[in-house]
Amino acid sequence: MKPFFIIHRNSLDSLFGALVGRNFTLVGPTLRDRAVAYSEIATVNDLPFGWTDEQDGGTYRLKKSDRQTLFDYAAGPHSWKKFLFPPALQLWEAERQIGPHEASPEYPPSHEGRGEQPRYAMIGVRSCDLHAIAVQDKVFAEGSHRDPTYEARRKNLFIVAVNCSHGGGTCFCRSMNTGPRATSGFDLALTEILEADRHVFLAESGSDRGAQVLREVTQEEAQESDIRAAERITADASVPMGRLMDTTDIRGLLYNNYDHPRWDHAAARCLACGNCTIVCPTCFCNTVEDFTDLAGTRAERRRRWDVCFAVDFSYIHGGSVRSTIRSRYRQWLTHKVATWIDQFGTSGCVGCGRCITWCPVGIDITEEVREIRANRPDDRKTLSEVGHAHT
Amino acid sequence: MLPHPFTVERVRRETHDTFTLELKGTNGIGGFSFAPGQFNMLYRFGTGEVPISISGDPERSDTLVHTIRAVGTVTESMERLKKGDIIGVRGPFGRGWPVLEARGCDVLIVAGGIGLAPLRPVMYRLLSRREQYGKIAILYGTRTPSDILYSKELEQWRSRFDLQVRVTVDRGEKDWKGHIGVVTTLIPRASFDPHEAVAMICGPEVMMRFTIRELEKRGVRRSNIHVSMERNMKCGIGFCGHCQYGPTFVCKDGPVFPYEKIEHIFRIREI
Ligand SMILES: Cc1cc2nc3c(=O)[nH]c(=O)nc-3n(C[C@H](O)[C@H](O)[C@H](O)COP(=O)(O)OP(=O)(O)OC[C@H]3O[C@@H](n4cnc5c(N)ncnc54)[C@H](O)[C@@H]3O)c2cc1C
Ligand code: SF4
Ligand code: SF4
Ligand code: FES
């Protein structure tokens, strides 16, 4: 059995110190705009202590809690992907040579993924988000072409996971086999234990680097009772899970239901705002834009996150392939839970619930899948009635 | 991935809106090997980058050839390129036509409009190894006689006894004595053994749909039908997400697909 250690609440800062000492930039949960958002932190005091949240379709509410916990809330509107896959990035720039001839040759672009990439230590990554990072690894770092920025940042990355003690109102990690307990993909994993007389973290390491850091921070081995207390906490977390999704043969389900009337029902509500893709920790679609300066001598290419709900996302000469919201919502959902499996051998949904919470009209991926499953084409009659009732 | 600078060696006007660029690598980039059906991402300084099929001879790797129809921002800016100008090239990308698998078979090429460009390398390959293939037919449809691409080469090919070349237009012009009608109307006239023929199709999706229907009527096996798909593309290497077509990425799983592989989604609208 792996040895577990105890870090006291008051010595958590020494963990942060050990990481800063190794030249990591710490990023973790903070309070921003009345939500838990991941940004740079310096000390434990930057964490949102004594807060928890309430989430449901289209609603998010921070709540003061009577417990002085540091991590008693579920996923917020940000995901960690912004640190590895930046929302906007210059890919390269190029200089046009001003020569004697009118048709002067242009210099080749000068760099790709140039410069030092930041060394992040992420504090408080939940199990679903560990899985999301693994999903994006497959896209950016494990395919035939690799993204140099992502790869460099990922190689530098140190992850301190935190096991969930609070099943979020829109979470369904249990359905997706992605939580609530972190089992791999971290350097350190913590479980927060708050008892009447003490506030500690049960810590385990998941890598040599993690073990080294841990040795520096604490020598106090955990007792059997601590380990059992932590197990109880993470088991409890899975009990009040806000959502469920039956993933049985989900590819077959969606591939046979491209014409399901439920898509019209979603389309009638969806605003095509793209919130769901921006908050999703696995969505990777991006676009590039080319620019020149006014003199036309310097050019650059920038990449930014893109949203499959935009009409021009699928534009080809003559018109967009997916011109209706129905087809765009269908593309998004089908990609998340079905075609992703063909493409990358894993689901594109880790059940974090963000898309449900942050959809302004509360469209719920688990509900859409459930409705499609409940009304298969076999019972067309009831189905068309359902379709008409809503349109 | 960075675009490599290539120099424009020659610009050839094909039709009123179509032109062919012959490119050579600069900075010591020598040959450019590719398989028929593959494409490059072509970059115009500061303007943008678009996917364009390679339309030259796969055995002449010293020159890179692209035929482009000017339809929008980037392609129109490429229309203004002159000899000596520089263009950025990333590639080659994607899976091409099954020219090796087709050895020993009759080959049927069906193209619509600019769709002839990605099939020209197939023609070069078939003709350089003529003895390896059975009957060969090219069926080409375009809007009007003045939109006919590679008309000199089509004429040369038509004069050969070991090739069937048939061209049709949607609308005739004054001196047009040829066939008028959609390209599918040429299929019943082509001579090939349906059970052994390999069909390669490139054109607008509706044209490909009708062509496949016609080929199936003649008994061509689905497993022998290949189509080239078109989707918006930004990266060409499988991670911008733009070219998704059902479970596939057209940039790396295509652009050429065995019809069998995509049949289940081919007729679904807006997929
Ligand atoms: C695999 C593949 C091979 C192709 N081969 C050729 C070829 O050999 N010759 C040729 O003339 N054309 C070819 N095309 C089509 C060509 O890429 C488009 O005509 C071109 O992108 C239009 O860009 P634009 O900026 O001039 O037009 P705009 O209408 O201004 O387009 C704006 C942007 O939309 C996207 N876009 C628009 N049309 C298309 C399209 N049809 N396909 C993909 N993205 C598009 C591009 O990102 C483009 O920059 C090919 C397309 C694909 C996918
Ligand atoms: S699809 Fe929704 S629930 Fe699934 S990972 Fe993305 S944001 Fe989370
Ligand atoms: S499903 Fe909701 S969040 Fe996603 S694009 Fe539609 S309205 Fe926006
Ligand atoms: S063009 Fe970017 S994924 Fe295919």
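Letters go in sequence order (proteins before strands), and every chain restarts at 1.
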Where does [X] contact chain B at under 4.5 Å (heavy atoms): side chain, backbone, both or neither?
| X | value |
| --- | --- |
| A:Y258 | side chain |
| A:S320 | neither |
| A:H145 | both |
| A:D147 | both |
| A:F85 | neither |

Is the [atom1] atom of [X] crowded by more than 12 outside heavy atoms at less than 6.0 Å?
| X | atom1 | value |
| --- | --- | --- |
| A:Y255 | OH | yes |
| B:R12 | CZ | no |
| A:R154 | CZ | yes |
| B:K261 | NZ | no |
| B:R269 | CZ | no |

For [X] against [Y], the heavy-atom pair lying closest together:
| X | Y | answer |
| --- | --- | --- |
| B:G246 | A:Q343 | O-NE2, 3.9 Å |
| A:V288 | B:K234 | CG2-O, 4.0 Å |
| B:Y43 | A:A299 | OH-CB, 3.5 Å |

Without hydrogens or angle criteria, can the side chains of B:Q244 and A:T339 be said to hold a donor-acceptor pair below 3.5 Å?
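The answer is no; no qualifying pair exists.
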Of all of A:D306, A:I316, A:V321, A:T287, which one pairs up most often with chain B through heavy atoms under 4.5 Å apart?
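Ranked by heavy-atom pairs under 4.5 Å with chain B, first place is A:V321.
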Tell me which of these, A:R303, A:Q331, A:R301, A:R251, has more heavy-atom pairs under 4.5 Å with chain B than the rest.
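Between A:R303, A:Q331, A:R301, A:R251, the count favours A:R301.
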If I measure from the heavy atoms of chain A, does B:I265 come under 4.5 Å with its side chain, its backbone, both, or neither?
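For B:I265, the contact with chain A is made by the side chain alone.
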Select one option (side chain, backbone, both, neither) describing which atoms of B:R69 are under 4.5 Å from chain A's heavy atoms.
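Contact with chain A involves the side chain of B:R69 alone.
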For B:H242 and A:N286, indicate whether the former's side chain and the latter's backbone hold a donor-acceptor pair under 3.5 Å.
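Indeed, once roles are kept as given, a pair shorter than 3.5 Å links the two residues.
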So which of B:N232, B:I268, B:T248, B:T47 has the largest heavy-atom pair count under 4.5 angstrom toward chain A?
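The candidate making the most pairs under 4.5 Å is B:N232.
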What residue, out of B:P247, B:C235, B:G238, has the most heavy-atom pairs lying under 4.5 Å from chain A?
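Top option by heavy-atom pairs under 4.5 Å: B:P247.
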